Amino acid sequence: MPAEKKYIYFILGGEQIPARAVGTILDSARREDIFIEAPCNGQGTCAKCRVEVNGRAKLACQEKALPGQEVVINLGQFNQLPLPDFDLSPWREGKAFAGAKFLLCLDVGTSNIECALVDTEQAQILGGASGANRQRVLGADVLTRIISAEKNERIHQRLVNLLRESVDGVFIAALGACGLKPAEIGAVALSTNTVMAHFLLDREPTAIRYQPDDDYSAVGGEFHSQQLGIISLDDTPVYIVPPISGYVGGDIVAGLAGLSLNECGLNRQGLAVLIDGGTNGEVAVVSEGAVVALATSAGPAFEGGETSCGISAQTGAISSITLDQNLCPEYETIGGTKPIGICGSGLIQLLASLLERKVIGQDGSMQSDKPRRFRESASEGMIFVVVEEKESATGMPIYLSEVDIENIIRTKAAIQAGLLTALSSIGCGVPDIDHLYLSGNFGSQIDVESAKAIGLLPHLSRGKIIQPGNSSLLGACAAALSDSFRRRVEELAKSTTFLDLSMNMQFMEHFVASSFLPHTDKNWDL
Amino acid sequence: MALNALAIYKQLPQKNCGECGVPTCLGFAMKLVAAEAELSACPYLSPEAVAFLGASTTLPLRKVELGDSSAPVVLGGEEVLFRHEKRFHNPSAIFIRLTGSMTPSQVKDKVKTLEASKINRAGEELTVQGFGVELRKPKDLEIISALADVEKPPLVVFGAVDLLRKAVGLIPRSHRLLLGIKSVADIPAVAELNQALLLPYKWGETLRKLADNIKMAEDEGVKDVVIALGEDFPLGRTLGMLTHLRRLAIEMKEPLLNRPILYIPPQEKDAEQSLHNALFICRYASGVVMDSPAGATLAPMMVLRSEIYADPQKPIQIPAGIYTIGTPTVDSPVLFTTNFSLTYFLVSGDIEASGVPAHLLVVDVEGQSVLTAYSAGKLTVEKVTKLVHSSGIEDKVNHRRLVIPGLVSRMSGELAEACGWEVLVGPKDSSRLPTFLRSYTTRPATETERQIAG
């Protein structure tokens, strides 16, 4: 394309988007509804808005937009997935896709996508991959994306393409990891939230925002790969786990069924809770065969979003951290490399340690008589420096600010309030919980004791809290293998009661009481 | 409600058929707990389940239905002590007492004046519920016939048993009365009439005696009992007793004293009666009585009642449409706002204060204020456009200029394009409307306006 005057060009995956050059690159991007994460809002302090300008890495907020520039936005890499330890043997005889030898199973999340390749004969996972959901560049949460898709057809199409590209990318990476070719894939099963399912199938998600409790089961069931725009597969059957409502998707159904939680109180005694700590923050409560589910729209604070130095769980992410008496941090990174940021589990541990050392007050404000590690920032309040510039891989300090803490508090309070609301809707409380499953990547990595300390989890005894890994992916694998499992998810999607929180006063009350460290809600105690 | 949703769910068919209007059985159970659904909505309940759930879903304050069974006046049926805990359900009924000799035409006049005293407020019709008749001699039965003639049969009748029996004979069978008897000895005789029974507290003197009387009535076969209070005690003591009775019902789940209460004020001046009644509408009277009310004393009582019994969890809404303020002409300004009642009252009040007659369009956004509705995506360009085109405002004015709330100035461009009107951004705060509107009228017409006006 000839470089027209006044325009700069954003490269988003396969698309080139011209934008009027106004102010900085960040300003120009925002005018075109392109989301570049910038929690410091253009102060140049957080270094999260890194883009590639004419082949060189720059901060979008510090770089003046000059006509003719080509700006490549980093959409994240596709990584090999550590092999999940799922027991798929119960679903072995299912023969859902007769004749297929290798199955592709996907969990498509709002922020991340995971994929596993399953060998039908062994009922085993051969390998997998994960990657970012590239839709992230157009908004962190599902609501923002629905609204931008509503605005115009072009953005809707852009969202559809970005999601399909991401799915394709993760899928190719998984094939590469196992040394397989696309033609060897016999079938695909995927679990995802309702909004992503709409985008995958190129359907308008607008209605979800207005009628979250309508029936959206039409985005579940059997499809063909062309309908999902998976170009590398020709005419392969695809099964999508049906959703419960507009805000509680097939990923939760897959998780519940995959963990056999629907049997709680029937074949198994007791009350079970499933929490998916992802961007939508779904909570499901199962007791005596009755299932209640809700979505808290917790936000991406535990997945690397909304915090200055938060990143997803990737190489170089601080995943575990402790502070000594003098607030000197001792940390470990994923892969043992120099740190580039802090992932969700690290953030929770850091917050718990700061709370334990009484550096953070109940309202999240910082105060300390050891000023060495603290700095004052005009836009972010007080900040606590975890890694100095010279020690980090990026050359920027890695820190936690008061604004970050506020965001984390909001996220954890949403999940906490969601759990309390779901429990009280069936007349139960925190002491009635027999098993609490923390699903998702985030759920499997967090330090339970730290999560209890900040009020994200109730003080249940250790054995009651279970971290089963990505249960949505587990459910997708089971749905790929077994026909009876599919009947089970379909039944579950139909019988689960969805609680709409948008007009729920109880949720608001719990949310307000939970918006402290650790919390001020008496219902949270055992 | 004693049972929680899970316990109720166990009794339900668990078919998740959705025929009750709720997609899942558990969802239906939750609605039963919240008293937002009736057990009868489920077509698949076993008789055992109905018996079990019916008993446990009885409200702590019993419900008594009067009048026509298809649209009854409901007394009681409450489940909380304070409105903010959930909501109050059945507004205190207001009964007009007719006594002494009245000719049929006097009675009919009374009905007419009462019809005229209805008021419409924020989309709700405020009215009295009906008449109470005191029968002193057989001739008074004519009042009942006269009321029945104009299809306004009384709801409460006081008198000796033989007169009550005749009164029951004069009204349609589907119509249920509340009968006020002369003494405890009348209970067995009145029980046969199969109507609701009013038992004065004063006969009991103690709560235990009152409970005994209610027990006796129940044993005789009376299903519905209402307690009468007032007249005989000082105001403070009466108020204390009403509060105490409501506490017994809600907090202690007392099985006999959990009846709705009819407050009967002393026969004083109209204004004083209305003051008394207002006091007891605030504190737990399920019904009140007035003797000869005028609109001026009824209206504040009815407004007070409507406020207390409004659901605090739902914003009060105004029906969408065109509202005229003052006597607007074809040149008067057209403004729009949302249908949250508070927003509407503020905006309409401020327009009124400006002295400039205007047309106010009210957009249905499920009762939210302007900015809330806009952020929630409920106040949209499409909705406003639709209202402008379908409300008939285009026939009422010669110009095509819409004043929009300043807080949603962002809508202006898109709105002008979609509805074809010129859009003028009004003030952000409605208190600035008087200044704005006064200068609006003096502003010279724009080119577009001149063209439209020809």
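No hydrogens, no waters, no symmetry mates; every other heavy atom, side chains included, goes into these values. Given the structure is predicted, the values throughout are model-derived calculations rather than measurements.
Contact annotation: the side chain of I426(A) approaches that of L26(B) to within less than 4.5 Å [non-hydrogen atoms, C-beta and beyond].
In the displayed structure, K383(B) atom NZ is contacted under 6.0 Å by more than 12 heavy atoms of other residues, nucleotides or ligands. Residue K63(B) qualifies as open at atom NZ: its count of foreign heavy atoms under 6.0 Å is 12 or below. Enclosure of atom NZ in K386(B) is not indicated, since only 12 or fewer non-hydrogen atoms of other residues, nucleotides or ligands lie within 6.0 angstrom. In this structure, R487(A) places its CZ atom where more than 12 heavy-atom neighbours from other residues, nucleotides or ligands lie under 6.0 Å away. The neighbour count for E38(B) CD, taken as heavy atoms of other residues, nucleotides or ligands under 6.0 Å away, does not exceed 12. Atom CD of E85(B) has more than 12 heavy atoms from other residues, nucleotides or ligands within 6.0 Å. Other residues, nucleotides and ligands place no more than 12 heavy atoms under 6.0 Å from the CD atom of E414(B).
With a 4.5 Å cut-off on non-hydrogen atoms, T496(A) touches chain B through its backbone but not through its side chain. The contact between A376(B) and chain A is made entirely by backbone atoms, counting heavy-atom distances below 4.5 Å. With a 4.5 angstrom heavy-atom cutoff, Y210(A) touches chain B only via side-chain atoms. For chain A, the nearby part of K15(B) is the backbone; its heavy atoms alone come within less than 4.5 Å.
Pairing each heavy atom of A5(B) with each of S425(A), the nearest pair is CB-O, 3.4 Å.
Atom-to-atom distance recorded for Q14(B):CD and E288(A):CD is 9.5 Å, nearest 0.5 angstrom. We find the CG-CD distance between N16(B) and E491(A) to be 7.0 Å, quoted to the nearest 0.5 Å. L6(B) contributes atom CG, which lies 4.5 Å from atom OG of S287(A) (distance to the nearest 0.5 angstrom).
Ranked by non-hydrogen atom pairs under 4.5 Å with chain B, the options V292(A), L143(A), I147(A) are led by V292(A).
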